[in-house]
Protein chains: 2
Amino acid sequence: MVKAAGPGRPPTSVDIARVAGTSQATVSRALNGGRVAAATRERILAISRELGYTPNAAARSMVTSRTGLVGVVVSDLTNPFYPEFLEEIAACLGARRQHMLLQNAAGGGDREAVELLLQQRVDGIVFTAAVEGSEAVADLVARRFPVVLANRVVDAGCDSVEGDHPAGAAAVVDHLAGLGHRHIAVLAGLPGASTSARRLAGIRDRLTSLALPAPDVVETGFDYDRAVRAATELLTGPQPPTAIVGLNDQVAFAALNAAAALGVAVPSRLSVAGFDDVRQASWPTLGLTTVRQPQVAMAARSVALLNERIDDPDLAPRHEVLPAELIVRSTTGPAAS
Amino acid sequence: MVKAAGPGRPPTSVDIARVAGTSQATVSRALNGGRVAAATRERILAISRELGYTPNAAARSMVTSRTGLVGVVVSDLTNPFYPEFLEEIAACLGARRQHMLLQNAAGGGDREAVELLLQQRVDGIVFTAAVEGSEAVADLVARRFPVVLANRVVDAGCDSVEGDHPAGAAAVVDHLAGLGHRHIAVLAGLPGASTSARRLAGIRDRLTSLALPAPDVVETGFDYDRAVRAATELLTGPQPPTAIVGLNDQVAFAALNAAAALGVAVPSRLSVAGFDDVRQASWPTLGLTTVRQPQVAMAARSVALLNERIDDPDLAPRHEVLPAELIVRSTTGPAAS
DNA sequence: GATCATGGTGTATACGTATACATCATGAAG
DNA sequence: CTTCATGATGTATACGTATACACCATGATC
């Protein structure tokens with residue numbers, strides 16, 4: 001195969017060396033801060049700029065065995081929880097000259113997502129809201145591959161960061177109970193979704209310790225459309241609840257919208273609360289009462305933990321819990337008689 | 001350097017060959033569908049599975065000079081326009097076994113984003129809402145690097161896909177004019193943002209052809225917080241408009257929220273309309289009147305155009321316009337007297 | 001003036017894969 | 001039996017980079 005040398009192929013460090021009259025090794029040193037005579041370095045940098053040289057990350061990673069890429073697996077990009085979270089992740093990574101490789105594991109099948117990330121030889125992976133007992137995650141952990149679970153509980157002895165679900169759940173229940181609600185419904189995720197499970201457990205615990213009736217629970221898989229249908233059924237049923245708690249803000253919004261579509265007044269006839277405190281929750285037009293999760297802090301800690309583990313795979317697994325806080329807005333009020 | 005051979009290093013095709021007693025070339029052929037005896041292929045696949053082999057994308061790309069990665073540059077992840085758009089992009093890419101490398105060009109500085117994507121040797125880049133006359137884009141086009149602009153106008157003779165901004169703008173103006181509005185304000189992006197500029201021009205054109213007064217225009221850079229402040233100023237000023245058009249849904253929501261915070265009733269005292277028809281626009285709690293952009297189709301066409309160009313860089317630049325459609329909901333009504 | 005540290009550079013190699021080319025066995029076709 | 005196409009495999013190489021090692025010149029140190 002004749003070397004095309006056409007303008008199509010991007011210039012390499014060898015091309016620079018040829019022009020500069022040095023060896024390729026010197027070019028590499030000049031570009032990466034090795035010992036090079038000042039004059040030589042200047043010349044090489046100038047030529048590099050002129051040629052429009054861009055280092056080939058693939059070639060570099062082959063010799064350094066580090067890519068500087070970090071995989072991030074999300075379950076549903078349309079969940080408004082993610083934008084801020086991802087922006088913060090990207091920002092934290094940028095500070096260490098790393099970059100984010102985002103994968104959307106639609107429908108809980110994270111197998112393929114992980115496969116791609118491994119092919120790209122990412123240095124580590126942040127999972128958000130992966131399904132409990134995910135085989136893919138377990139495999140990675142078994143291989144001692146750097147993994148951090150964000151916004152979900154420990155499962156296979158790897159690092160994790162989550163909000164204080166019991167405290168948050170207790171706060172919502174206290175708030176609603178204080179308003180006189182006794183018939184509470186919950187829109188939950190799938191049974192295997194750990195975040196959902198922990199929040200639900202927290203709600204149940206608090207209700208029983210307050211000697212209140214157990215909640216109606218509908219598992220919607222955190223899917224917006226299914227949550228709307230579920231809320232509609234609840235509200236048009238024989239014994240509609242006086243309060244609905246969405247285990248994340250997305251399904252709480254679904255409840256709000258179902259109520260609006262049915263003409264059920266909020267908060268006078270129905271109270272709605274969520275979890276996460278997504279940006280839209282604070283909009284005056286929505287004003288959702290919700291349990292704030294420190295998304296930014298969660299992203300920052302996830303990246304920090306991941307990098308510590310990348311640097312030292314032998315660390316003992318760590319589990320961080322960030323404080324949760326109830327934000328009362330305008331979707332909750334005294335229970336209707 | 002002694003070859004570590006530890007369990008830390010992922011297995012390679014050479015490792016498989018050693019176990020299988022074949023050459024590395026045969027392993028490669030077996031895994032990629034080359035001519036290999038059925039028995040041999042079976043054995044190799046089994047060993048591959050057992051060892052947990054994952055092909056090294058970097059090494060592969062070095063020899064094939066294709067990475068299967070496509071860069072996507074967005075300007076603001078928190079814009080609700082993106083989630084669906086990105087999901088569709090990912091879906092279309094997946095069908096061709098390609099993958100998305102997402103870059104958030106915060107603050108309009110797309111230079112760094114492009115730099116990273118080039119280092120990763122992406123096969124092509126989809127830009128969304130890049131700033132008009134971006135040097136980074138111009139450079140790429142000059143180098144004949146495959147580029148598609150989504151949701152923005154042609155600038156440097158490269159492929160692009162956009163909504164029908166003039167038609168959409170005309171539809172909103174007609175709608176508002178028909179409701180009796182004569183004092184219309186517009187929340188725009190930055191002057192260099194082409195989408196914003198085209199929509200604004202469309203609005204101005206239609207207003208003048210209807211012999212209506214020119215709109216008040218505030219350039220907010222499509223930033224939510226700035227848009228809220230701008231809308232608040234408009235509504236508390238000496239001559240508040242009877243209608244506000246946001247040039248995307250995000251700033252339209254900002255106007256809605258500013259009005260709610262001020263106690264300005266919508267649509268009785270103020271009408272609000274947007275562009276994009278983001279998912280939330282159809283929520284009963286918001287019910288935003290807006291010009292629908294076919295986000296899904298736009299994503300699909302972008303990927304299609306990009307791949308055609310990757311396969312044949314000599315194609316003449318193409319420009320596709322997708323239909324826009326006004327969706328009337330509950331935020332627009334007859335002008336207050 | 002001999003020894004030696006040191007800065008600057010070139011040579012050689014490894015990373016993991018795909019593929020062009022050569023080799024060899026097998027059976028069909030003449 | 002010879003010739004030849006064909007299938008299966010091995011050998012060798014290239015991709016672009018970082019870095020260990022060797023080498024040389026320079027000036028300092030004794």
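Letters A, B, ... are given to chains in the order of the sequence lines, protein chains preceding strands, and every chain is numbered from 1.
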To the nearest angstrom, how far is [X] atom [atom1] from [N] atom [atom2]?
X        : N      : atom1 : atom2 : answer
B/Asn56  : C/dG16 : CG    : P     : 7 Å
A/Gln120 : C/dT17 : CD    : C1'   : 14 Å
B/Met62  : D/dC15 : CE    : C1'   : 4 Å
B/Gln119 : D/dA18 : CD    : P     : 10 Å
A/Asp15  : D/dC15 : CG    : P     : 10 Å
A/Ile16  : C/dG10 : CD1   : C1'   : 17 Å

Whether [X] contacts [N] is assessed here as follows: a side-chain N or O lying under 4.0 Å from the phosphate OP1 or OP2. Is that the case?
X       : N      : value
A/Ser13 : D/dT17 : yes
B/Ser23 : D/dT9  : no
A/Thr12 : D/dG16 : no

*For A/Met100, which of A/Val70, A/Ile89, A/Val303, A/Val126 qualifies under side-chain contact (heavy atoms from CB on, under 4.5 Å)?*
A/Ile89

*asked:* Using the rule side-chain contact (heavy atoms from CB on, under 4.5 Å), only one of A/Asp312, A/Leu315, A/Ile310 pairs with A/Pro146; which is it?
replied: A/Ile310

Once you apply a heavy-atom cut-off of 4.0 Å, does [X] come out as touching a base, just sugar-phosphate, or nothing?
X       : value
B/Thr26 : sugar-phosphate
B/Thr22 : sugar-phosphate
B/Ser61 : nothing

_Which nucleotide in C/dG16, D/dT19, D/dA12 has an atom nearest any side-chain atom of A/Gln24_ = D/dT19

_Nucleotide nearest A/Val63 when distance is taken to its side chain, options D/dA18, D/dT19, C/dA18_ = D/dA18

*More than 12 heavy atoms of other residues, nucleotides or ligands under 6.0 Å from CD of B/Glu50: is that the case?*
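Not buried by this count: 12 neighbours or fewer within 6.0 Å.
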
Between [X] and [Y], what is the shortest heavy-atom contact and its length?
X        : Y       : result
B/Arg143 : A/Gly52 : NH1-O, 4.1 Å
B/Thr67  : B/Ser61 : CG2-CB, 3.8 Å
A/Val36  : A/Ala30 : CG2-N, 3.6 Å
B/Arg121 : A/Thr54 : NH2-O, 2.7 Å

*Does the side chain of B/Ile47 reach to within under 4.5 Å of the side chain of B/Ile44, using non-hydrogen atoms?*
no

*asked:* So if I take residues 29-53 of chain B and measure heavy-atom distances to DNA chain C, which residues fall below 4.0 Å?
replied: B/Arg29, B/Asn32, B/Tyr53

*N-O pairing of B/Arg111 and B/Asp139 below 4.0 Å*: yes

*Would you mind reading off the bend of the helix from C/dG1-D/dC30 to C/dG30-D/dC1 from its two end axes, five pairs each, to 10 degrees?*
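Nearest ten degrees gives 50° for this helix.
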
*asked:* Please compare A/Ala25 and B/Ala59 by the position of their nearest nucleotide in DNA chain D and report the one closer to 5'.
replied: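 So the residue in question is B/Ala59.
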
*For the atom pair OG1 (B/Thr78) and CZ (B/Phe222), what is the distance rounded to the nearest 0.5 Å?*
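That separation rounds to 12.5 Å.
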
